Amino acid sequence: MTPSPDDRYEPPSSFVDQANVSDPGIYEEFERSWPDCWERAADLLDWHEEYDRVLDEGDAPFYEWFSGGKLNASYNCLDRHIEAGRKTHAALKWEGKRRETRTYTYQDLYGEVNEFAAALRELGVGTDDIVTIYLPMVPELPIAMLACARIGAPHSVVFAGFSADALATRMDASDSEYLVTCDGYYRRGNAFNQKSKADNALMTLDRSVTTVVVDRLGEDLDHSLDTDQYDYGDLVLAHAGATVSPVARDAEDMLFLMYTSGTTGQPKGVTHSTGGYLAQAAWTARAVLDIKPEDTYWCSADIGWITGHSYTVYGPLALGTTTVIYEGTPDYPDRSRLWEIVERNAVDVLYTAPTAVRAFMKWGEEYPAGHDLSSLRLLGTVGEPINPRAWKWFREHIGGGDCPVVDTWWQTETGGMMITTLPGIGTMKPGSAGPPLPGIGARVVDEDGAEIDPGETGYLVVDRPWPGMFRTLYGDDERYRSEYWDAFSTDDEWVYFSGDGATVDSEGYITVLGRIDDVINVSGHRLGTMEIESAIVGVEGVAEAAVVGGDGGTNDTAVYAYVSTDHHHDPNEELRERITANVERAIGPFARPEQVVFTPELPKTRSGKIMRRLLENIANHEPLGDTSTLRNPEVVGEIEATERDQ
Ligand code: WTA
């Protein structure tokens with residue numbers, strides 16, 4: 001995984017010559033003028049009222065950026081582009097699962113966002129009311145987000161693949177009384193019912209929820225509306241032509257909430273601000289993704305996760321570009337689907353996940369080779385480490401051998417990119433994300449917080465605040481502080497801990513190795529092992545369970561569950577099915593364990609702690625290291641034998 005020192009790639013001069021950012025002096029300039037350097041990001045936005053201060057550290061680690069400033073995110077993503085005479089420019093290009101296409105110009109998008117904003121208001125949504133959005137990749141998803149932003153109502157988008165239980169937990173935790181969902185969507189060509197999941201979630205909530213339902217499937221799936229449920233199309237029609245003036249929000253007002261998995265069972269409501277978040281999303285979309293207004297840009301991530309928020313919706317639209325939204329999967333109806341979309345739309349910049357790249361590589365180069373991909377100028381990845389072989393394959397077979405590839409490290413909590421090369425400046429080293437972006441204080445340290453030597457492994461921390469940083473965990477300032485700031489902060493310095501392990505080389509390039517806490521990344525989905533474990537131990541017959549990230553083939557991570565049964569139950573297929581079904585019910589099908597390994601006991605230390613690290617080694621076919629601290633060492637051999645037999 002670690003890059004070889006000779007493996008270096010320079011961006012081609014054809015790229016550098018046109019890059020938005022190509023002056024290497026930017027690193028020094030940002031150091032010299034920090035934190036004022038971030039005005040460059042704020043300058044990409046239109047402010048209703050100028051801010052007084054760039055950074056306020058008074059109440060650290062509850063930092064404030066651009067205090068006193070007022071702005072509206074929907075205005076920045078729509079109105080100002082129309083005012084600049086670009087109303088007929090394409091804002092959204094939607095590619096449906098059944099090859100339907102829809103294009104929204106900036107004027108179209110502005111129109112529908114306003115109409116839906118007016119409808120939301122009429123339904124009673126006020127400033128600061130949290131609106132939950134539970135939609136697949138349909139245009140109504142970004143429209144609903146922007147409509148909320150317009151009226152100053154924070155949105156909380158819940159990935160459409162989450163189960164009813166997971167939706168209910170998130171709505172409950174955020175006291176959300178409004179929901180935007182749909183009747184259903186197509187999954188691999190079949191109609192799949194989303195509304196029944198939403199209805200099941202609503203039944204468990206002890207308050208009434210006003211719900212809007214987008215009719216995605218028409219006659220393919222009948223649905224009915226209960227009291228307090230409204231049809232999206234009817235609402236928009238009833239408000240045809242309505243405009244709603246954008247509510248001026250304080251820079252620090254919450255733009256949205258995004259639930260993410262942490263180290264305990266309870267998901268965390270990561271809150272993002274309006275000013276700092278939008279500034280960093282726009283700035284990095286410009287500097288790293290090199291987005292120009294005339295580009296067609298495609299980020300393949302689902303908008304239900306942070307990548308889609310920052311780099312399908314807010315960053316690209318703030319820059320006035322054309323952003324592509326694809327509803328389907330890369331291999332349906334066939335493995336050329338993405339390349340056909342790139343060719344037909346002449347996509348300039350493609351941002352995707354390493355797991356996708358590895359799948360393309362496995363399928364073979366004949367699929368991209370059958371399409372003209374010469375429109376591509378830049379490629380990017382995010383979500384997990386990209387191994388050098390996949391990086392090179394991506395550059396060669398998708399990027400035509402000369403596109404720069406940016407490997408970007410960041411998190412739901414950081415709001416925007418933090419570590420990557422700047423494509424118009426930096427030497428790229430496959431397998432390493434790169435140096436911290438200008439102005440970003442990312443470092444790799446040892447347990448005591450001291451910077452490590454090149455080549456050693458340590459903890460990835462950030463020792464200076466940044467504009468896009470989350471402001472707190474919704475309703476839980478204490479957890480914000482204890483989970484992220486307690487581990488490495490000292491008396492005179494606040495240090496953010498990312499939860500990742502990393503190495504650094506002699507040129508300051510950081511290679512992120514992955515989570516060192518109880519969070520695993522499965523195909524770009526961030527899962528808390530505790531959440532899955534609690535779903536498993538809720539199954540009758542299960543005594544104990546431990547979940548780790550294990551080998552999913554071709555460098556992918558899969559969910560491995562180690563389970564012991566109580567003495568009334570035998571481990572058998574029926575129990576295994578109930579376990580899997582319960583995980584799907586509690587979280588969603590994407591969290592389904594790839595392996596459920598029954599074991600008479602879980603490996604435990606003498607003090608009774610489950611040795612997850614050891615299970616992780618077993619699940620990854622790695623040497624086991626020291627097992628002498630185990631109370632029950634014999635169980636290791638038993639687990640290995642069971643796994644071999646499966
Ligand atoms: C991992 C996604 C290595 C990391 C934007 C992080 C990466 C987690 C990279 C955040 C990368 C993200 N190289 N690992 N370039 N990018 N990660 O919150 O473990 O869904 O902590 O945000 O993904 O996942 P999240």
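We count ligands from 1, going down the list as the structure has it; atoms in each ligand are counted the same way. Keep in mind the model is a prediction, meaning the values are calculated, not measured.
Inclusion of Thr260 in the set of residues having an N or O under 3.5 Å from an N or O of ligand 1 is not warranted. On a distance-only criterion, Glu413 and ligand 1 share no N/O pair closer than 3.5 Å. Taking any N or O of Gly383, backbone or side chain, at least one lies under 3.5 Å from an N or O belonging to ligand 1. Remark: ligand 1 and Thr408 share an N or O pair separated by less than 3.5 Å (distance only, no angle test). Between Thr307 and ligand 1, no pair of N/O atoms sits closer than 3.5 Å.
At a 4.0 Å heavy-atom cut-off, ligand 1 touches Gln411 through backbone and side chain alike. Counting heavy atoms under 4.0 Å from ligand 1, residue Asn521 touches it through the side chain alone. The backbone and the side chain of Pro385 each have at least one atom closer than 4.0 Å to an atom of ligand 1 (non-hydrogen atoms only).
The residues Glu384 and Arg358 are annotated as salt-bridged, a charged nitrogen and a carboxylate oxygen being separated by less than 4.0 angstrom. Between Arg464 and Glu31, at least one side-chain N (NZ, or NE/NH1/NH2) sits under 4.0 Å from a carboxylate O, which counts as a salt bridge. Ion pair Arg471/Glu64 not flagged as a salt bridge, since none of the NZ, NE, NH1 or NH2 atoms sits closer than 4.0 Å to an Asp/Glu carboxylate oxygen. Remark: Lys292 engages Asp290 in a salt bridge, criterion side-chain N to carboxylate O under 4.0 Å. Between Glu396 and Lys392, no side-chain nitrogen of the basic residue sits less than 4.0 Å from a carboxylate oxygen of the acidic one, so the salt-bridge criterion is not met.
Using a 3.5 Å distance cut-off with no hydrogens or angles, the side chains of Thr557 and Asn521 do not pair a donor with an acceptor.
The cationic atom of Arg170 (NZ for Lys, CZ for Arg) lies less than 6.0 Å from the six-membered ring centre of Phe162 and within 45° of the ring axis.
Distances from atom 22 (O) of ligand 1 to the heavy atoms of Thr511, Thr412, Thr420, Ile520 show the closest one on Thr412.
For atom 21 (O) of ligand 1, the closest non-hydrogen atom on the protein side is Asp500 OD2, 2.7 Å.
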